[in-house]
Amino acid sequence: MSERVRVMLSEEEVDRRIQEMGEQISRDYEGKQVHLVCVLKGGSFFMCELAKRITVPVSLDFMSVSSYGSETKSSGVVRIVKDLDDPLKDKDVLVVEDIVDSGRTLSYLMEMLRDRGPRSLRLCTLLDKPERRVVDVNVDYTGFQIPDEFVVGYGLDYDQKYRNLPYIGVVEFD
């Protein structure tokens, strides 16, 4: 089976929206330091671009959670692959994710992080597929709501391919 990628959101559209999100987050965290928690691997591209556009002090940490493997649909089994390096106690934490799909992974992750005692905990995603949601997740900052198509680019992958595309594309299989 071969695949091709169709552009859904151009590099310019994504860049413009991340700028707007950075401005909103800067206003919301005015006078505070925001601790960004990146969900690897996909969230790294988005978090780096977002962090550059936030004007309040920023600290960063990374974690890796898996529920996909090499499939195009979430398995529903969540496992921590890499945990955070620093404690979250009394920090204003913003979890940065590439996409919210079924909500299973993020629901589990947000509950686990909430138990670590942050002052505040919010969620920011570049892409949201609300029609795929099976678990309710409160998303505080959303770049784009998208239809239920399998997307790649800007950190999102299909079997470790296409992460480096500078736009959001749809994988179409022949």
Side-chain angles (χ1 to χ4, degrees), residues 1-25 36-54 60 62-82 94-113 121-174:
M1 178 169 34
S2 65
E3 72 248 12
R4 64 183 181 289
V5 178
R6 170 179 48 88
V7 176
M8 176 188 272
L9 297 165
S10 71
E11 183 176 3
E12 294 76 21
E13 289 173 292
V14 174
D15 189 58
R16 185 171 40 253
R17 183 65 185 122
I18 293 172
Q19 178 64 40
E20 293 167 356
M21 294 173 80
E23 291 169 1
Q24 181 64 53
I25 291 165
L36 302 180
V37 171
C38 176
V39 181
L40 295 171
K41 296 175 186 172
S44 61
F45 287 71
F46 174 44
M47 187 174 83
C48 289
E49 291 302 315
L50 182 65
K52 291 190 298 189
R53 291 162 174 86
I54 295 174
L60 310 173
F62 300 86
M63 72 183 315
S64 182
V65 204
S66 178
S67 67
Y68 280 85
S70 62
E71 303 300 316
T72 60
K73 297 208 183 303
S74 173
S75 66
V77 177
V78 178
R79 63 186 182 93
I80 304 286
V81 179
K82 181 221 175 288
L94 181 60
V95 175
V96 180
E97 177 65 289
D98 53 1
I99 190 166
V100 179
D101 194 304
S102 70
R104 286 184 188 108
T105 303
L106 267 297
S107 174
Y108 173 84
L109 179 64
M110 294 300 282
E111 190 60 38
M112 183 189 74
L113 296 178
L121 180 64
R122 292 181 178 172
L123 176 60
C124 176
T125 187
L126 179 59
L127 304 172
D128 188 8
K129 287 187 191 178
E131 66 188 78
R132 294 255 316 142
R133 199 81 82 246
V134 295
V135 176
D136 194 31
V137 176
N138 180 46
V139 181
D140 300 284
Y141 303 97
T142 300
F144 300 93
Q145 282 194 358
I146 61 170
D148 185 16
E149 296 184 274
F150 193 79
V151 290
V152 294
Y154 225 89
L156 293 138
D157 75 296
Y158 168 63
D159 202 17
Q160 297 299 325
K161 297 184 288 189
Y162 307 118
R163 284 189 197 279
N164 61 320
L165 295 176
Y167 57 85
I168 302 297
V170 177
V171 177
E172 297 176 335
F173 299 94
D174 295 328

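Here, residue 1 is the first one in the sequence, and each next residue gets the next number.
Taking each heavy atom of Phe45 and Gly155 in turn, the nearest pair found is CD1-CA, 3.3 Å. Taking each heavy atom of Lys82 and Leu40 in turn, the nearest pair found is CD-CD1, 4.3 Å. Of all heavy-atom pairs spanning Tyr141 and Arg122, the tightest one is OH-NH1, 2.8 Å. Closest of all the heavy-atom pairs between Pro147 and Glu131 is CA-OE1, 3.9 Å. Heavy-atom minimum distance, Phe46 versus Glu97: CD2-O, 3.4 Å. Across all non-hydrogen atoms, the minimal contact from Cys38 to Met47 is CB-SD, 3.2 Å.
Side chain of Arg132 to backbone of Asp101: no donor-acceptor contact under 3.5 angstrom is found. Proximity of a side-chain donor or acceptor of Asp140 to a complementary backbone N or O of Leu123 within less than 3.5 Å is detected. With hydrogens and angles disregarded, a donor-acceptor distance shorter than 3.5 Å links the side chain of Arg17 to the backbone of Thr142.
For the atom pair CD1 (Ile99) and CD1 (Ile146), the distance works out to 4.0 Å, reported to the nearest 0.5 Å. We find the CD-OG distance between Glu172 and Ser2 to be 11.0 Å, quoted to the nearest 0.5 Å. Atom CZ of Phe144 sits about 8.0 Å away from atom CD1 of Ile168, to the nearest 0.5 Å. Residue Arg133 holds its CZ atom at 4.0 Å from CG of Asp128, rounded to the nearest 0.5 Å. To the nearest 0.5 Å, atoms SG (Cys48) and CZ (Arg53) are separated by 11.0 Å. Taking CD of Glu23 as the start and CD1 of Ile25 as the end, the distance is 10.5 Å to the nearest 0.5 Å.
For Glu20 and Gln24, the side-chain atoms include no donor-acceptor pair closer than 3.5 Å.
You'll find the side chain of Leu126 reaches within 4.5 Å of the side chain of Ile18, heavy atoms only. Taking the side chain as every heavy atom from C-beta outward, Leu109 and Val37 never approach each other to under 4.5 Å.
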>> Using the rule given for side chain to side chain contact (heavy atoms under 4.5 Å, CB included), can you reason through Val152 versus Asp157, listing the C-alpha separation, both sets of side-chain angles and the distance that settles it, and then say yes or no?
In response: CA-CA 5 Å; Val152 294; Asp157 75 296; 5.6 Å; no
> When you look at Leu36 and Ile54, which way does the side chain to side chain contact (heavy atoms under 4.5 Å, CB included) test go after all the steps?
Replying inline: CA-CA 11 Å; Leu36 302 180; Ile54 295 174; 4.3 Å; yes
>> Evaluate Leu113 against Met63 for side chain to side chain contact (heavy atoms under 4.5 Å, CB included), listing each step before the verdict.
In response: CA-CA 11 Å; Leu113 296 178; Met63 72 183 315; 4.2 Å; yes
> Stepwise, does the side chain to side chain contact (heavy atoms under 4.5 Å, CB included) test hold for Leu9 with Val151?
Replying inline: CA-CA 10 Å; Leu9 297 165; Val151 290; over 6 Å; no
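For Tyr158 and Phe173, the ring centers sit closer than 6.0 Å to each other.
The pair Lys41-Asp98 fails the salt-bridge criterion, with no side-chain N (NZ, NE, NH1 or NH2) lying under 4.0 Å from an Asp/Glu carboxylate O. The residues Glu13 and Arg16 are annotated as not salt-bridged, no charged nitrogen and carboxylate oxygen being separated by less than 4.0 angstrom.
With sequence neighbours left out, the side chain to side chain contact (heavy atoms under 4.5 Å, CB included) criterion links Asn164 to no other residue. For Val7, the side chain to side chain contact (heavy atoms under 4.5 Å, CB included) partners are Tyr167, not counting sequence neighbours.
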